[in-house]
Number of protein chains: 2
Amino acid sequence: MRNAEFDRAQVLRGAMAAFMRKGYTKTSMQDLTQATGLHPGSIYCAFSNKRGLLIAAIDQYQQDRNEQFKLIFSNTRPVLNNLKNYLDNVVVECVSCDSQQACLLTKALNEIAEQDDEIQHIISQNLQLWQNALTAQFELATSQGILQGELNSEQRAQYLMMGIYGLRTFAHTHPQAEILQQLANKLFDDVCR
Amino acid sequence: MRNAEFDRAQVLRGAMAAFMRKGYTKTSMQDLTQATGLHPGSIYCAFSNKRGLLIAAIDQYQQDRNEQFKLIFSNTRPVLNNLKNYLDNVVVECVSCDSQQACLLTKALNEIAEQDDEIQHIISQNLQLWQNALTAQFELATSQGILQGELNSEQRAQYLMMGIYGLRTFAHTHPQAEILQQLANKLFDDVCR
DNA sequence: CCCATTCTTGAATGTACATTCAAGATATTA
DNA sequence: TAATATCTTGAATGTACATTCAAGAATGGG
């Protein structure tokens with residue numbers, strides 16, 4: 001008889017930002033009411049509780065990132081150019097030092113790992129989809145004869161994921177663009193080797 | 001007129017373990033009294049507060065890891081063997097999935113980054129010492145003519161640090177020894193390239 | 001062996017938090 | 001426009017937490 005007034009995606013993006021800034025535990029419901037513009041009652045009505053809001057935010061994050069991924073890879077340029085652009089984009093995010101540009105999945109994974117099996121599973125699954133998408137790109141490059149070497153596409157994707165995780169953590173101590181870009185360049189070379 | 005009864009190092013190792021298991025925020029003082037065997041009053045007397053206990057625990061962690069580092073590198077075997085052993089050791093820690101085997105520095109860095117400047121600074125400094133020690137090993141190998149290529153020793157150390165950070169995060173989603181060892185092997189190759 | 005000093009104990013304190021709920025507001029339907 | 005269903009509001013609730021503190025215990029010097 002009456003529809004909710006808020007825009008679910010916008011609310012979840014606000015929650016995302018809050019969780020990325022302070023981490024799940026340290027983010028209070030008060031932070032979340034501010035970040036989402038919703039009153040506590042509305043949050044509990046729509047997402048059950050703080051944990052439910054995190055799960056919904058992770059889902060929205062995955063959708064948003066998937067759009068971005070498609071944007072980078074859906075074109076006719078050479079696959080390796082797209083991959084390099086993708087990695088350079090990660091570097092830009094790291095350099096900005098803007099906590100909103102962090103990766104919600106890895107942030108939550110590092111915080112919650114071994115504490116909440118269900119959330120850990122959700123995050124792992126999302127990261128796996130991610131890795132699969134990268135594997136597909138490497139597979140494409142291989143089928144085009146662009147990539148050679150001992151590694152298969154899955155191994156390349158795993159190594160790239162590992163490198164991106166590492167880059168994001170490393171950036172906390174060395175936020176200089178030059179250093180990060182250099183590491184990313186070598187990572188790209190090594191992945192393609 | 002009277003000495004403290006507890007063994008400071010042991011107390012701090014208990015606190016370390018607690019912080020590594022749950023993270024700083026989620027670890028309650030009750031957890032810490034259990035983990036350290038100390039009553040709240042004693043903790044506050046010795047370390048001011050929970051934050052002070054974390055800082056002291058980080059310091060103890062650094063000392064302990066430094067001992068371990070020396071143990072691995074203080075011998076007459078080839079430098080690169082030692083480096084490989086060191087990396088393999090990280091893999092073993094990752095595989096165990098034992099949260100006590102995590103790295104307190106990276107765990108705290110990922111949680112607290114951009115939230116507590118002083119702690120961030122302490123962690124960064126400790127990680128830098130770490131990186132410097134690795135740089136020295138690469139420098140040694142280079143001076144022995146074992147390492148060639150475009151990279152300088154600092155760049156190699158940075159790349160290795162990045163890789164280790166990445167490996168630790170990646171292990172949360174892929175704790176299989178085989179996969180992690182494969183990634184570590186390639187990382188070592190690429191670092192030495 | 002007693003005194004002075006320091007350490008230990010753990011219950012008490014106040015605060016900050018996640019969550020609930022009942023009253024009020026608003027939209028849709030008839 | 002009236003009735004009804006649903007959403008919104010934000011103060012109230014109980015809990016869990018970090019921290020304090022005063023009483024008690026233990027040590028070593030004299």
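Reminder, nothing fancy here: chain letters follow the sequence lines and each chain counts from 1.
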note: Ile43(B), atom CD1; dA18(D), atom P; distance rounded to Å ~ 10 Å
Let me see the working for Leu109(A) and Ile119(A) under side chain to side chain contact (heavy atoms under 4.5 Å, CB included), right down to the final yes or no. CA-CA 8 Å; Leu109(A) 183 65; Ile119(A) 290 184; over 6 Å; no
According to salt bridge (charged side-chain N to carboxylate O under 4.0 Å, His left out), does anything in residues 122-142 of chain B pair up with another residue at least two apart or in another chain? List the pairs. none
Who pairs with Phe19(B) by ring-ring contact (aromatic ring centres under 6.0 Å, His included), at least two apart in sequence or on another chain? Tyr24(B)
Sequence neighbours excluded, which residues qualify as side-chain hydrogen bond (donor to acceptor under 3.5 Å, both in side chains) partners of Arg21(B)? none
Roughly how many Å is it from CZ in Phe6(A) to C1' in dC7(D), rounded to a whole number? 9 Å
Nearest-nucleotide wise, let me know which of Tyr24(A) and Leu38(B) is further upstream toward the 5' end of DNA chain C. Leu38(B)
Generate the contact string for nucleotides 10-17 of chain C. Rules: B means base contact, S means sugar-phosphate contact only, - means no protein heavy atom under 4.0 Å. B------S
For Phe69(A), check ring-ring contact (aromatic ring centres under 6.0 Å, His included) against everything at least two apart and list the hits. Phe73(A), Tyr86(A), Trp130(A)
Residues 162-180 of chain B vs salt bridge (charged side-chain N to carboxylate O under 4.0 Å, His left out), sequence neighbours excluded, gives Glu93(B)-Arg168(B)
Quick one: is dT20(D) close enough that its OP1 or OP2 comes under 4.0 Å of any side-chain N or O from Tyr44(B)? no
Rounded to the nearest Å, what distance is computed from the CZ atom of residue Phe47(B) to the C1' atom of nucleotide dA18(D)? 16 Å
Starting at CG of Asn49(A) and ending at P of dT20(C), how long is that distance when rounded to a whole Å? 8 Å
